[in-house]
Chemist: 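My questions all concern the structure below.
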Amino acid sequence: MENLDSFLNKFSKIADPPIKKILSLGVDKKNQALVKYQIEAGGKRIRPILAIVCCQLFGGKVKDILYPAAGLEIIHDYSLIIDDIIDRGVLRRRKKTACANYGKSIAECVGVDYAASIMQAANRSNDPVKISELFSKALKRLVDGEILDILFEQTGREDEPYVQKNRYLKITEADYLKMIGGKTAALIMTACETGAISAGASDKNIKILGEYGFNLGLAFQVRDDILDIFGNKKTFDKEVGKDIKERKLGNIVILLGLKEFGSSDRKKFLAIMRKKEIEENDVKEGIGLLAKTNARQKAEILAEKFIEKAKKSLSCLPQNKWRDTLEELSNF
């Protein structure tokens, strides 16, 4: 197979025109730049690419998957717009977030356009009812995961009574997996299922690809959590230590570190996470405390476990170049 980066670049170019077309449908010309801002911020288009590959795995045609694939990326970017509003995010992919660039009110309006576009994309599939239902379930699971992520924060949001009342002061690994299963893995699973449905695959094969996508999504989020704490600022498209700054216990490195800390380091770390104002020095201290533990290595082992489970699912599927591509994407 060609170099994976070249492959991703080629297929992202296939995915982009229908994404922009769907986003612009029915939107006043004066507002089209607002709507396209988030999607033009970049990204590797992993979700639509997975859908296209899974469709071709079962002999489907690219034209049958293009609009559902566009819908998947629109769901993803819709979630990023909402995430940045919730977290008051300023930068994403080295560019101002929609919220920071246009303000909260306009970002919320644009979010509604994205929600409408998702359904327009599903309606242009070869099985609109099935794809619409799949997209709706993915969105609801994503919201469930986002709510948990908010409730895992250790302080802040004093003006939000529900968060104050239901905040988790301690989370388990099962809580964490439930959160990332909704917030990240559910949409990657949906991407794979969408591709299979668009190719007319059997229910059994749709389920197998869903399992592959779910485990791939779990691995993806675990790796993202590792990069959040230990990533290189120059190569990582997000701020390093952001989860500490946002006081989120829902990061596997933090969770594993807390289990390993001695009493003194545990108190120090939780004191940082529960401060009203977290400075850069606090973030550095928190990362330093985590670096003294085996949390990073344990998180890497967990990610590998999910990757191996994803690959194992593929062994039941037709042997062709598209299955090989899914294996390579697991490693990516």
Side-chain angles (χ1 to χ4, degrees), residues 15 18-19 21-23 25-26 35 38-39 45-83 110-149 177-218 220-221 310 313 316-317 322 326:
I19 293 169
K21 182 178 177 181
I22 289 288
L23 282 172
L25 278 175
V35 173
Q38 175 70 38
I39 213 81
R45 310 292 192 244
I46 292 293
R47 291 151 192 85
I49 288 169
L50 278 168
I52 292 168
V53 171
C54 289
C55 181
Q56 292 186 98
L57 172 66
F58 294 107
K61 295 175 182 176
V62 173
K63 69 179 180 66
D64 293 330
I65 187 62
L66 275 182
Y67 285 108
L72 291 157
E73 188 65 17
I74 293 167
I75 293 173
H76 174 57
D77 273 277
Y78 175 40
S79 76
L80 298 184
I81 291 169
I82 300 303
D83 202 45
V110 167
V112 176
D113 275 326
Y114 273 64
S117 297
I118 293 161
M119 294 306 110
Q120 288 176 310
N123 284 339
R124 283 157 179 78
S125 70
N126 55 13
D127 195 338
V129 173
K130 209 167 190 177
I131 298 298
S132 294
E133 187 66 20
L134 204 59
F135 282 7
S136 299
K137 284 179 181 176
L139 273 165
K140 288 181 177 182
R141 286 192 69 182
L142 200 153
V143 171
D144 284 340
E146 182 66 47
I147 289 170
L148 277 177
D149 196 29
L177 291 175
K178 184 178 179 183
M179 185 269 286
I180 68 167
K183 192 172 177 185
T184 304
L187 185 54
I188 294 178
M189 176 179 79
T190 299
C192 296
E193 291 174 336
T194 299
I197 290 167
S198 298
S202 68
D203 288 346
K204 180 185 175 185
N205 284 332
I206 293 166
K207 185 180 178 185
I208 289 169
L209 271 180
E211 288 168 359
Y212 161 81
F214 189 73
N215 283 298
L216 185 68
L218 294 176
F220 180 88
Q221 187 57 57
S313 297
C316 307
L317 297 174
W322 301 110
L326 291 176

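The shown structure was predicted, so the numbers you read here are calculated from the model rather than taken from an experiment. For the numbers below, each heavy atom of this structure counts, side chains included, while hydrogens, waters and symmetry mates do not.
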Chemist: Hey, what do you get for CG (L139) to CD1 (I118), rounding to the nearest 0.5 Å?
Modeler: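 Interatomic distance, L139 CG to I118 CD1, rounded to 0.5 Å: 4.5 Å.
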Chemist: By side chain to side chain contact (heavy atoms under 4.5 Å, CB included), which residues pair with M179, not counting sequence neighbours?
Modeler: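 Result, side chain to side chain contact (heavy atoms under 4.5 Å, CB included) vs M179: L148, D149, F152, Y176, K183.
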Chemist: For residues 200-211, tabulate all N or O donor-acceptor pairs below 3.5 Å that involve a side-chain atom, not counting sequence neighbours.
Modeler:
residue: S202; atom: OG; partner: N205; partner atom: N; Å: 3.2
residue: S202; atom: OG; partner: N205; partner atom: ND2; Å: 3.4

Chemist: Counting only N and O atoms by type, is there a donor-acceptor contact under 3.5 Å from the side chain of S132 to the main-chain atoms of V129?
Modeler: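 A pair under 3.5 Å: no.
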Chemist: Output all residues satisfying side chain to side chain contact (heavy atoms under 4.5 Å, CB included) with I46, sequence neighbours left out; order by chain, then residue number.
Modeler: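 In terms of side chain to side chain contact (heavy atoms under 4.5 Å, CB included), with neighbours along the sequence ignored, I46 is linked to L8, K44, L50, F332.
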Chemist: For side chain to side chain contact (heavy atoms under 4.5 Å, CB included), just list the numbers for K61 and N126, CA-CA rounded to whole Å, side-chain angles, deciding distance to a tenth of an Å, and then say yes or no.
Modeler: CA-CA 11 Å; K61 295 175 182 176; N126 55 13; over 6 Å; no
Chemist: What pairs with K130 under side chain to side chain donor-acceptor pair (under 3.5 Å), at least two apart in sequence or on another chain?
Modeler: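 With sequence neighbours excluded, K130 shows a side chain to side chain donor-acceptor pair (under 3.5 Å) to no residue whatsoever.
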Chemist: Kindly give the heavy-atom pair with the smallest separation between Y212 and A310, and that separation in Å.
Modeler: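 Closest approach of Y212 to A310, heavy atoms only: CD1-O, 3.3 Å.
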Chemist: With sequence neighbours left out, which residue pairs that include part of residues 110-123 fulfil the side-chain hydrogen bond (donor to acceptor under 3.5 Å, both in side chains) condition?
Modeler: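 Of all non-adjacent pairs touching residues 110-123, none passes side-chain hydrogen bond (donor to acceptor under 3.5 Å, both in side chains).
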Chemist: What donor-acceptor contacts under 3.5 angstrom involve side-chain atoms of residues 62-74, with partners at least two apart or in another chain?
Modeler:
residue: Y67; atom: OH; partner: K21; partner atom: NZ; Å: 3.2
residue: E73; atom: OE2; partner: R45; partner atom: NH1; Å: 3.4

Chemist: With sequence neighbours excluded, what pairs up with D144 under the side chain to side chain contact (heavy atoms under 4.5 Å, CB included) test?
Modeler: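 In terms of side chain to side chain contact (heavy atoms under 4.5 Å, CB included), with neighbours along the sequence ignored, D144 is linked to no residue.
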Chemist: I'd like to check the side chain to side chain contact (heavy atoms under 4.5 Å, CB included) partners of L80; sequence neighbours left out, ordered by chain and number.
Modeler: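 Scan of L80 (side chain to side chain contact (heavy atoms under 4.5 Å, CB included), adjacent residues dropped) gives Q38, H76, D77, R92, R93.
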Chemist: Run the side chain to side chain donor-acceptor pair (under 3.5 Å) test against T184 and tell me which residues pass, sequence neighbours left out.
Modeler: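 With sequence neighbours excluded, T184 shows a side chain to side chain donor-acceptor pair (under 3.5 Å) to Q221, given in chain and number order.
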